[in-house]
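Taking it in order: structure first as structure tokens, then the write-up.
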Amino acid sequence: MPTDPRARLRSLRNPDGGYPPVAGAPSEPEPTALAAIALDDGSARDWLGNAQRHDGGFILGPDALRNDVATPLAALALAPGSASDRAIDYLVAHRAPTLGNDPRFPHDPATRGWGWTSKTFGWVEPTARGLLALQVLRPAAGEAITDAKRLLADRECSGGGWNYGNRQVLGTNLEPYLQTTAAALMGLQDPSDQLVIRGFEVIDRLWPNEQGGLGLSMALAAVRLNGQERPKLGVALQSLVDRTELLDDCVSLSWAAIALGPSIQKLRVNR
Amino acid sequence: MSDERPLHRPMSRRRFLIRGAEVGLGLTAAGLTVGGILALQRPRPWDPNAFPPPGKARVAILKVSGYSGDLEQAVKEGLKAIGAEVKGLSVLLKPNMVEFDRASVINTDPRLVAATVAAMKRLGARVVTVAEGPGHRRDTQYVASSSGLLDLLHDVDTPFVDLNVAAVARRQLRTSYTQLGELWLPLPVLEADLVVSMPKMKTHHWGGVTLSLKNMFGVVPGRIYGWPKNVLHWAGLQQSIVDVAAAVQPRLAIVDGIVGMEGDGPIKGTPIAAGHLIFGTDPVAVDATAAFLMGVDPMRVEYLSEASRFLGQGDLGQITQVGEALDRSVTPFRLRPELQGLRPGTAGASPHGDPAHAAGG
């Protein structure tokens, strides 16, 4: 009998209705938002509603360190309406600053995306999340969407796929990773785009050798969101869930539940 | 560059470089170096009540040629040589498992980690945990399982904790090399009686070398600070190394120098058989010794030079090395051309400048 990641995830819900990053920890915005999407969990949405700040954002980290990277996921998790709209408003208003070019880590200094924390410059996974949320919830946000796509195009590794942010450091090309490449492909969701085509070549090359819960789950989600099929990838993910329950990591379990189940529709960009 | 500046860096690179130049000159005046005189006049970005002046230190260098021998016995010998006591303690081992590449030697060898677990248990540790928050991979399960670490820990009945997702608590910093002011640190680290830093002996393209102090970056949770520990790079790599190490204060270090990484470390370098394990209860002394063994002047490594002012003993003359003779154990690691200034007797220090925004690679 295969293990249902949804059931395992549900068992990790905290009494306050939110979800922890890992079993036994306090609830946090990112795992709660992903679990709310994966399980269509009203209590998780309630927790998010209570965690939302007046400015619309979801902050993890105090004072000088404002990690607001869960905000796009929370916007996607919340029911359509005021709270979700305010989260998107926050997202549009809080993009990362640009950074001057530097030959040590070449990039286009004109590109803008989102960072892990406020006041750091744009990185692949936060930018892909922001792009995903805008394309699903506010496709009219033209400039921010265009900028995010430009950033992802600029940071593409040589040969395709994505590392965390840089494509080259000190003259050395960086390798693409499965998980970050999957994040970018979820944000882009355009199977005709050469970036996406090259990205899936990287996914196909990496996933058989990168048997980790987060990477496989996000890779399968990226496959489905781009209208593709990789049955063996789904089998590999289910097998890993059966064997390890993804170490009770709520973010990994949520992505597995999304990738293997019907809730992925909530992340689909309508064209 | 945006007008919206990131977290500032109070300790400028120039000030770090002055320190390097002072040590390089090696002048003396009535028994006190010129650098020492200037050091007394420089700001002290640490709380003197929290950090007593470094005293003498003891470091053990053991010759170990490979990972297939009796590593548990080697670890026990190393711990005995430095007088480390673990009986009754809850011990957290922090290896360097930053990334996985089957063809490379990026990580602390899992066989050494498992052998250290066994040794700690044999010596009476109350509980032993292995913990890491990989900096280059968000998918910790991939790193920990592909490297073989999870299977080996299963064999010694020891849990693995992913520090990137563990529960955290806020800690005020007692140093101010960065302006972070505080860090959110994982509870398993804060609650352990003894944190053991177990780095791989590697070159580092920004920091010069990465050893037990730099290894503490893995303690900082990625879900809060980003990947690859983005905020720390933004706040200044060298400064962050000192602040994080001072916040965690590992009380024991075991360096995996059996096979290290030279060249374009910490990820893209190449293996080098150095043939040593290095043990000590003062991580600064261990790192200074290990750097010397790599053919690097420890006082030219900026963060190590700073850490030796308050966090531990960096003066090789104040460190008693037991086991293998220091001078006869040096295996010069190949350095990137820009880092040649770290060699003893050369002019200047690392020329990369502060990587501030690079964060990765």
Side-chain angles (χ1 to χ4, degrees), chain A residues 20-22 24-26 28 30-31 60-65 67 69 96-100 102 104-105 109 115-121 123 125-126 163-166 168-172 174-175 177-180 183 209-218 240 244 246-247 249-252, chain B residues 1-7 99-102 136-146 150 160-162 164-168 170 179-184 186-187 205-206 221-231 233-235 264 267-268 336 338 352-353 355-361:
Chain A
V22 70
E28 290 183 7
E30 183 187 15
L60 179 65
D63 305 330
L65 180 72
N67 179 323
V69 77
T98 57
L99 185 67
D102 188 319
R104 297 175 300 174
F105 37 96
W116 290 101
T117 67
S118 61
K119 301 182 181 178
T120 57
F121 86 126
W123 286 76
E125 187 172 358
N163 196 282
Y164 281 112
N166 294 313
Q168 188 184 89
V169 171
L170 295 174
T172 302
L174 302 186
E175 305 291 336
Y177 294 151
L178 181 67
Q179 183 252 335
T180 44
N209 298 313
E210 292 196 12
Q211 299 281 313
L214 187 61
L216 289 184
S217 300
M218 292 179 69
L240 192 66
T244 69
L246 308 191
L247 310 181
D249 179 312
C250 281
V251 169
S252 297
Chain B
M1 179 72 75
S2 165
D3 291 333
E4 196 175 8
R5 293 296 301 159
L7 303 170
E99 162 70 287
F100 177 69
D101 179 348
R102 203 173 301 279
H136 274 248
R137 290 284 185 166
R138 190 167 181 188
D139 192 341
T140 300
Q141 184 177 23
Y142 161 63
V143 175
S145 63
S146 298
L150 291 185
F160 174 79
V161 174
D162 180 358
N164 281 330
V165 298
V168 292
R170 188 173 173 173
Q179 284 200 342
L180 291 170
E182 63 187 20
L183 281 173
W184 289 79
L187 288 179
H205 56 191
W206 298 118
R223 76 178 189 282
I224 296 175
Y225 294 92
W227 279 270
K229 310 296 164 101
N230 190 208
V231 172
H233 290 79
W234 190 267
D264 196 13
I267 304 295
K268 307 289 280 186
R336 287 181 60 95
E338 304 91 338
H352 281 319
H357 320 293

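Quick caveat, the model's predicted, so the values are computed rather than measured. We name chains A, B, ... by the order of the sequence lines, and we start the count at 1 in each one.
Proximity to chain B is limited to the side chain of A:V251, based on heavy atoms less than 4.5 angstrom apart. Using a 4.5 Å cut-off between heavy atoms, A:N209 contacts chain B through its backbone alone, with no side-chain atom that close. Within the 4.5 angstrom heavy-atom criterion, only backbone atoms of B:A166 (N, CA, C, O) approach chain A. Looking at A:E210, both its backbone and its side chain come within 4.5 Å of chain B, counting heavy atoms on both sides. Proximity to chain B (any heavy atom under 4.5 Å) is shown, for A:L246, by both the backbone and the side chain.
Screening A:D249, A:L214, A:L247 for a side chain to side chain contact (heavy atoms under 4.5 Å, CB included) with B:Q141, the sole residue that qualifies is A:L247.
Heavy-atom pairs under 4.5 Å with chain B peak, among A:E175, A:E28, A:E125, at A:E28.
Counting heavy atoms from C-beta on, the side chains of A:T172 and B:D264 come closer than 4.5 Å. By the 4.5 Å heavy-atom criterion applied to side chains, B:R138 and A:Y177 are not counted as neighbours.
The distance from the OH atom of B:Y225 to the CH2 atom of A:W116 is 14.5 Å, given to the nearest 0.5 Å. Considering CG of B:D139 and CE of A:M218, their distance stands at 9.5 Å, rounded to 0.5 Å. A:L178 contributes atom CG, which lies 8.0 Å from atom CZ of B:R137 (distance to the nearest 0.5 angstrom).
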Determine, stepwise, if the pair A:R104 / B:E338 fulfils salt bridge (Lys or Arg N to Asp or Glu O under 4.0 Å).
CA-CA 12 Å; A:R104 297 175 300 174; B:E338 304 91 338; over 6 Å; no

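With B:R336 contributing its side chain and A:L170 its backbone, the two residues share a donor-acceptor pair below 3.5 Å.
Between B:I224 and A:T117, the closest heavy-atom pair is O-CG2, 3.7 Å.
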